[in-house]
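We name chains A, B, ... by the order of the sequence lines, and we start the count at 1 in each one.
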Amino acid sequence: MILTTLRQQTICLLVEELYEKNADDFRQMSSAQIVVKTLLDNPSSVRSKFQAKQLHAQIIKHEKNNPIHLTAVLSIYSNFELLHESLNLFNILHSRSSLAWKSIIRCYTSHGLSLLSVSSFIQMRVSGIYPDHNVFPSVLKSCTLLKSLRLGESIHGCIIRLGLDFDLYTGNALMNMYSKLEDLHRNCETRIQPATVSDEIPQRKLGNVCRTNLSSTSTSYDVAHEFERRMAGISPTVSLNPTISHKTQYVGEIVDQFGGISRGEMPSREASKVFQSSMNKVFEMMPTRDLVSWNTVIAGNAQNGMYEEALTMVRDMGNANLKPDSFTVSSVLPIFAEYADIGKGREIHGYAIRHSFDSDLYLGSSMIDIYAKCTRVDAAYRLFCLLSYRDSVSWNSMIAGCVQNGLFDDGLRLFREMLAAKVQPGYVSFSSIIPACAYLTTLHLGKQLHAQILRCGLDKNAFVASSLVDMYAKCGYIKIARCIFDEMELRDMVSWTAMIMGYALHGHAHDALSLFQKMKIEGVKPNYVAFVAILTACSHAGLVDEAQDYFDKMVHDYGISPGLEHYAAVADLLGRVGRLKEAYDFISSMPAPTGSVWSTLLAGCRVHKNIEMAEKVAEQLFKVDPENMGAYVLLSNIYSGAKRWRDAAKVRIAMKNKGMKKKPACSWIEMKKKVHAFVAGDKSHPDYDRINDALEVLLEQMEREGYVPDTSEVLHDVEEELKRSLLSSHSERLAIGFGLISTPPGTTIRVTKNIRVCTDCHTAVKFISKIVGREIIVRDNSRFHHFRDGKCSCGDYW
DNA sequence: CTAGGGTTAG
């Protein structure tokens, strides 16, 4: 008995119910036929793929391949996203009904086969079948996936001509298409070519709309209408369906209505205000709107930077008696994340809890992000732990949250945990984690990640490539950084900035300047950070005039108001070249000078041994930042350098009284995929004795060549002899010593230090580089020092 | 037919 084979209680009930109603009709039928008819009349009652196949089998057995029944099965297969089964059926159908086409198109779309979906739609039109409102959502989704606005516009034209633009689902799909594609295309000067449609399909090409007749403020919506007008002039391969001609008339009125709004009749000054996205136009025209309509238009506005509009619409939703759901909320949360508005974030979190969708994965990822952006990594991590299921986005949010808050080791640990959880890292994962390697100078990890990126084929992604450029530059491999930069297909402003900053850090100012020029020639507009990079490059190379020029251009030509970093770079530069008075006046002209800006000038005073200016600067500095320890150290060094021991001592006593302790200096070096870290006077390393022996031999030779230890920066009040031994046990020297004994002659040594290199070590390393005939690269907290043949790339100013 | 995460910073 088939009923028992199908084994579905609800179906039995349905059959019984129908049997009651149509008892006469059913009397002639076999029980198998009854079941088949019941299921075909109620396709949604088929609950599993297995049942669908059983039904198919029964039809073959009892109905002799009745095409209507087979089409119904095809539709059911397509509901279950069974592509192969659907295709097999579709291919044996000789005459394909509207339902058959709709089913196969939907199936292609659900499998991401967008091109096949769209070309089937065209074939369907060619074969004389009229599309109905069920087919457009799928076709439009495919246009969206193909990123082809033109195709979407053409389809929209079709929809208008068939009078289907008032359909709810079609309208929703249209808004989604426009929200994803219109902004994308507006930002491109040349519109992306429409996807080429497979050659096998012999029909006119869609998407050949020429925009020359349209004003610059016309939108895709207008183009769709224009397309329809043109189509009306071309003899169509398919004759118009007479039942919908009155609708076409009506559409004509709407075309004119829109034409009036956006055909450039308003003054061009108002163009940006007048411009209304096609998405919003569709939304306004919709006769009925459901929750999905609101969510789509809110998300669209939020993603296109129209924050006010998006938030207003959330309020308007309430007037339409619709409650924000998890979709609404996770569309607007990124707005508050951008403003790091933890208050609004908590409010929404509370709303989600009250409406019991707080365990939603999308909401969870957004909440992790917003807590992390408000530096509440602990709260973010608690939320992350509470998620019952974690996808790549929730992992990425958590990893990025750690890295952006300086928790690099935690970020790396989570990245490994993600891999262990069998979640594939994508380009977002890599661009989130690579900065951790850049900050930590852990090149071996960076290289492993780079290898994985190449294996996944993600190396062309601009975000990933930019982070790699930065990572290699920060690990001292400026040439590799440049290679990756040159290999990039699309360079955005961030890629250029990363490369320029790389050159700046390495003191290659002229490379930085020429790149900045090239960037502008290629039409990439520099932003705040790009100017930080170029000013830093000038500052590290003493290019005063160029820096002042860039500073002025930034303010006047680009309308960027200078920030702390810009002031600091220029002040640093003026100080560096000895124009201390100018620097002083420049900083005084700032809206609110900070301790860090003043202390760059203090460093300039140290280099140029100007004590009066140093005291003036220090006075200003301690007014705004009395706890700036670096400034105390600098000032004390300045006094010591001028042999004003008494004043130097006073400063040190003041530091002591304030309970200030120097940040422990630490240097590290990578050796055979392992990081070896050293602090001053550190004897814990297993090779300590060998390192010490090597450094002693070197010290003797250095002194023969004229090295005199500069003990003026030793803050401890101890005997001169002890001071000298303290100097030679500084962390960078231990790390360099370890590098020398662990690598073959001639190998470049790369060391990273967490604070500024001291004056004496800087001199010492210059001697060492000459004696051992090696390049020694030291990265301190602000830049790279390339020591080679007794000289340093920083020109002794840092 | 609708939603979340990413690169540059004296």
Item checked: Minimum heavy-atom distance between H506(A) and G476(A), given as atom pair plus value ->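 Answer, listing the atom of H506(A) first, then G476(A): CE1-CA, 3.6 Å.
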
Between [atom1] on residue [X] and [atom2] on residue [Y], distance to nearest 0.5 Å:
X       : Y       : atom1 : atom2 : answer
S366(A) : L333(A) : OG    : CG    : 5.0 Å
M313(A) : M317(A) : CE    : CE    : 11.0 Å
L168(A) : R289(A) : CG    : CZ    : 11.0 Å

Suppose we call a contact any N or O donor and acceptor under 3.5 Å apart; does that hold for the side chain of [X] and the base of [N]?
X       : N      : result
S330(A) : dG4(B) : no
D360(A) : dG4(B) : no
S466(A) : dT7(B) : yes

From [atom1] of [X] over to [atom2] of [N], roughly how many Å is that when rounded to an integer?
X       : N      : atom1 : atom2 : value
L145(A) : dC1(B) : CG    : C1'   : 12 Å
I500(A) : dT8(B) : CD1   : P     : 15 Å
I453(A) : dT7(B) : CD1   : P     : 14 Å
H355(A) : dA3(B) : NE2   : P     : 21 Å
L363(A) : dT2(B) : CG    : P     : 19 Å
M175(A) : dA3(B) : CE    : P     : 11 Å
L322(A) : dA3(B) : CG    : C1'   : 16 Å
L333(A) : dG4(B) : CG    : P     : 10 Å

Nearest to the [X] side chain among [options], which nucleotide is it?
X       : options                 : answer
A173(A) : dT7(B), dA9(B), dC1(B)  : dC1(B)
K141(A) : dT2(B), dG6(B), dG10(B) : dT2(B)
T536(A) : dT8(B), dG4(B), dG10(B) : dG10(B)
K474(A) : dT8(B), dG4(B), dC1(B)  : dT8(B)
D492(A) : dT2(B), dT7(B), dG6(B)  : dT7(B)
S431(A) : dG10(B), dT8(B), dG6(B) : dG6(B)
V292(A) : dA3(B), dC1(B), dT7(B)  : dC1(B)
F327(A) : dT7(B), dG6(B), dT2(B)  : dT2(B)
K373(A) : dG6(B), dA9(B), dT7(B)  : dG6(B)

Report which part of the nucleic acid [X] touches: base, sugar-phosphate, or nothing (heavy-atom distance under 4.0 Å, all strands).
X       : result
D369(A) : sugar-phosphate
S392(A) : base
T497(A) : base
A462(A) : base
V529(A) : base
S331(A) : sugar-phosphate
Y427(A) : base
S432(A) : sugar-phosphate
S397(A) : sugar-phosphate

Checklist line | CA sep, side-chain torsions, deciding dist, call: F586(A), F551(A), ring-ring contact (aromatic ring centres under 6.0 Å, His included) | finding: CA-CA 12 Å; F586(A) 180 74; F551(A) 192 89; 5.5 Å; yes

Check: Is the shortest distance from a Lys or Arg side-chain nitrogen in E417(A) or R413(A) to a carboxylate oxygen in the other one below 4.0 Å?
Finding: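 Looking at R413(A) together with E417(A), the answer is yes, because their closest N to O distance falls below 4.0 Å.
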
Checklist line | Verdict with reasoning, D486(A) to R482(A), per salt bridge (charged side-chain N to carboxylate O under 4.0 Å, His left out) | finding: CA-CA 6 Å; D486(A) 286 337; R482(A) 182 62 194 253; 3.1 Å; yes

